[in-house]
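Input: a single structure, listed below in structure tokens.
Along the sequence shown, residues carry numbers from 1.
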Amino acid sequence: MPNSSSVSEFLLLAFADTRELQLLHFGLFLGIYLAALLGNGLILTTVACDHRLHTPMYFFLLNLALLDLGCISTTLPKAMANALWDTRAISYQGCAAQVFFLVFFIGAEYSLLTVTAYDRYVAICKPLHYGSLVGSRACAQMAAAAWGSGFLYSVLHTATTFSLPLCQGNAVDQFFCEIPQILKLSCSDAYRREVGLTVISFSLGIGCFVFIVVSYVQIFRAVLRLPSEQGLHKAFSTCLPHLAVVSLFFSTGMFACLKPPSISSPSLDLVVSFLYSVVPPAVNPLIYSMRNQELKHALWKLMTRCVSEAINFHSTSADD
């Protein structure tokens with residue numbers, strides 16, 4: 001039987017057998033990837049360039065956009081390359097890198113969403129203490145803790161997964177290297193360490209989710225007591241996008257982890273993995289900006305300035 005030392009590459013799941021469908025999948029993935037790059041890139045640029053957005057809420061939003069870019073860049077480029085070049089192969093090191101970065105970005109994003117819930121709780125429930133509790137130094141420390149926890153979480157999972165002997169070949173039934181699919185290739189009595197680590201991680205994830213839910217219960221209780229309709233609208237406009245992102249992120253991730261084995265199939269596993277690894281990074285920028293008037297105004301101002309500068313540059317070039 002082959003083991004991990006004899007496996008030099010893995011074979012990812014092919015989306016289609018015909019060349020036309022492979023090219024169709026490439027075009028679809030390319031469109032999604034470009035939309036994610038554009039949406040998250042615009043958020044990064046807008047927050048970085050507009051000094052009015054240099055606040056804790058937008059600092060965390062900038063970090064979330066960075067994590068979304070990293071998450072979708074871990075899976076889609078390789079899937080697009082395989083579809084374009086009609087291949088399934090990914091090197092052993094490339095597979096380990098995919099697992100490491102995907103777990104890193106997803107773990108850090110979940111931690112950062114928890115931190116963002118705390119930021120919204122302090123802003124709405126303890127506004128007089130906001131400056132002291134969520135200052136620039138505290139923001140940097142919380143963001144660093146989120147990134148650091150994702151890194152540690154990823155190191156533990158990646159090291160444990162790829163230390164297991166592989167006894168079931170090298171074909172991964174997924175379009176990227178995913179821990180549950182790699183565990184299926186391991187010896188039946190050797191994956192208990194990873195399962196134990198997954199249980200611990202799941203418990204921590206539930207703890208973060210409970211913290212987010214409790215924070216929003218307090219937030220909505222405080223919001224409903226606001227006398228001003230304008231204040232009520234502003235509070236909802238800053239909280240609802242974050243709550244929508246949390247709901248999308250958590251529901252897709254939990255379904256991927258908790259779906260019953262009786263309904264598991266390659267096609268369902270493919271759809272579920274697509275939902276938690278590709279859909280959130282692509283649609284999160286739209287959710288962030290949907291009800292956020294400050295962000296939309298800053299984005300419109302940035303685009304107007306860029307267009308104006310481009311017109312002036314062409315006019316100057318024509319005069320010369």
*Return yes if a side-chain donor-acceptor contact under 3.5 Å exists between Y33 and S73, otherwise no.*
yes
*Verify the distance criterion only: is there a donor paired with an acceptor across the side chains of S277 and T75 at less than 3.5 Å?*
no
_Pairwise distance CD(Q98) to CZ(F10) - rounded to 0.5 angstrom_ = 11.0 Å
*Between S273 and Q174, do the side chains contain an N or O donor and an N or O acceptor separated by less than 3.5 Å?*
yes
*Could you tell me whether a side-chain N or O of E9 sits under 3.5 Å from a main-chain N or O of A89, the two making a donor and an acceptor?*
no
*Cluster overlap I106 with V155, hydrophobic side-chain contacts below 4.5 Å*: yes
_Using the rule given for side-chain contact (heavy atoms from CB on, under 4.5 Å), can you reason through C95 versus F176, listing the C-alpha separation, both sets of side-chain angles and the distance that settles it, and then say yes or no?_
CA-CA 8 Å; C95 187; F176 60 91; over 6 Å; no
*When rounded to the nearest 0.5 angstrom, what is the spacing between CG in N63 and CG in L113?*
11.0 Å
_Same apolar cluster: L128 and I219, side chain cutoff 4.5 Å_ = no
*Quick one: closest heavy-atom pair of V134 and C139, and the distance?*
CG1-SG, 3.6 Å
_N/O donor-acceptor pair under 3.5 Å between S186 side chain and L183 backbone_ = yes
*Hydrophobic cluster identity match, L11 and I179, side-chain contacts under 4.5 Å*: no
*With a 4.5 Å limit on heavy-atom distance, are the side chains of K126 and Q218 in contact?*
no
_hydrophobic_cluster_shared for I32 and L24, side chain cutoff 4.5 Å_ = no
*Checking H129 side chain against A123 main chain: does a donor-acceptor pair fall under 3.5 Å?*
no
*Mind checking whether Y288 and W300 sit in one hydrophobic cluster, side chains of I, L, V, M, F, W, Y counted as touching below 4.5 Å?*
no
_Using only atom types and a distance under 3.5 Å, with no angle test, would you say the side chain of T45 pairs donor to acceptor with the backbone of G41?_
yes
*asked:* Among residues at least two apart in sequence or on other chains, which ones pass ring pair (Phe, Tyr, Trp, His ring centres under 6.0 Å) with Y130?
replied: none
*Given the rule in the side-chain contact (heavy atoms from CB on, under 4.5 Å) test, do M57 and R120 qualify, once you have shown the distances and angles that lead to the verdict?*
CA-CA 8 Å; M57 184 179 77; R120 292 297 84 207; 3.6 Å; yes
_Test item: T87 side-chain N/O and A83 main-chain N/O as donor-acceptor pair under 3.5 Å_ = no
*Atom of V47, atom of Y58 and distance for their closest heavy-atom approach*: CG1-O, 3.6 Å
*State, to 0.1 Å, how close A36 and L69 come at their nearest heavy-atom pair, and which atoms those are.*
O-CD2, 3.9 Å
*To the nearest 0.5 Å, how far apart are CZ in F29 and CG in N82?*
10.5 Å
*Can you tell me if T46 uses its side chain to pair, donor with acceptor, with the backbone of I43 under 3.5 Å?*
no
_Gap separating the CD atom of E178 from the CG atom of L102, nearest 0.5 angstrom_ = 8.0 Å
*Do any N or O atoms from the side chain of R88 and from the backbone of L13 form a donor-acceptor pair under 3.5 angstrom?*
no
*Would you please test Y121 and C125 for side-chain contact (heavy atoms from CB on, under 4.5 Å) and show each step?*
CA-CA 6 Å; Y121 165 76; C125 299; 3.6 Å; yes
*Minimum heavy-atom distance L112-F60, with the two atoms named*: CD2-O, 3.7 Å
_Closest heavy-atom pair and its distance - L12, F175_ = CD1-O, 3.6 Å
_Close side-chain approach of F151 to F100, heavy-atom, < 4.5 Å_ = yes
*Provide the closest heavy-atom pair for L53 versus A298 in the form atom of the first, atom of the second, distance.*
CD1-CB, 3.7 Å
*State the CG-CG distance between N284 and N40, to the nearest 0.5 angstrom.*
7.5 Å
*Are the side chain of T160 and the backbone of H157 linked by a donor-acceptor contact shorter than 3.5 Å?*
no
*asked:* So T158 and F104, do their side chains get closer than 4.5 Å, heavy atoms only?
replied: no
*Full working for side-chain contact (heavy atoms from CB on, under 4.5 Å) between S215 and T114*: CA-CA 9 Å; S215 297; T114 306; over 6 Å; no
*N170 vs Y92 side-chain heavy atoms within contact, under 4.5 Å*: no
_Distance check, rounded to the nearest 0.5 Å: Y216 atom OH versus F211 atom CZ?_
11.0 Å
*Is the number of heavy atoms from other residues, nucleotides or ligands within 6.0 Å of CZ (R137) greater than 12?*
no
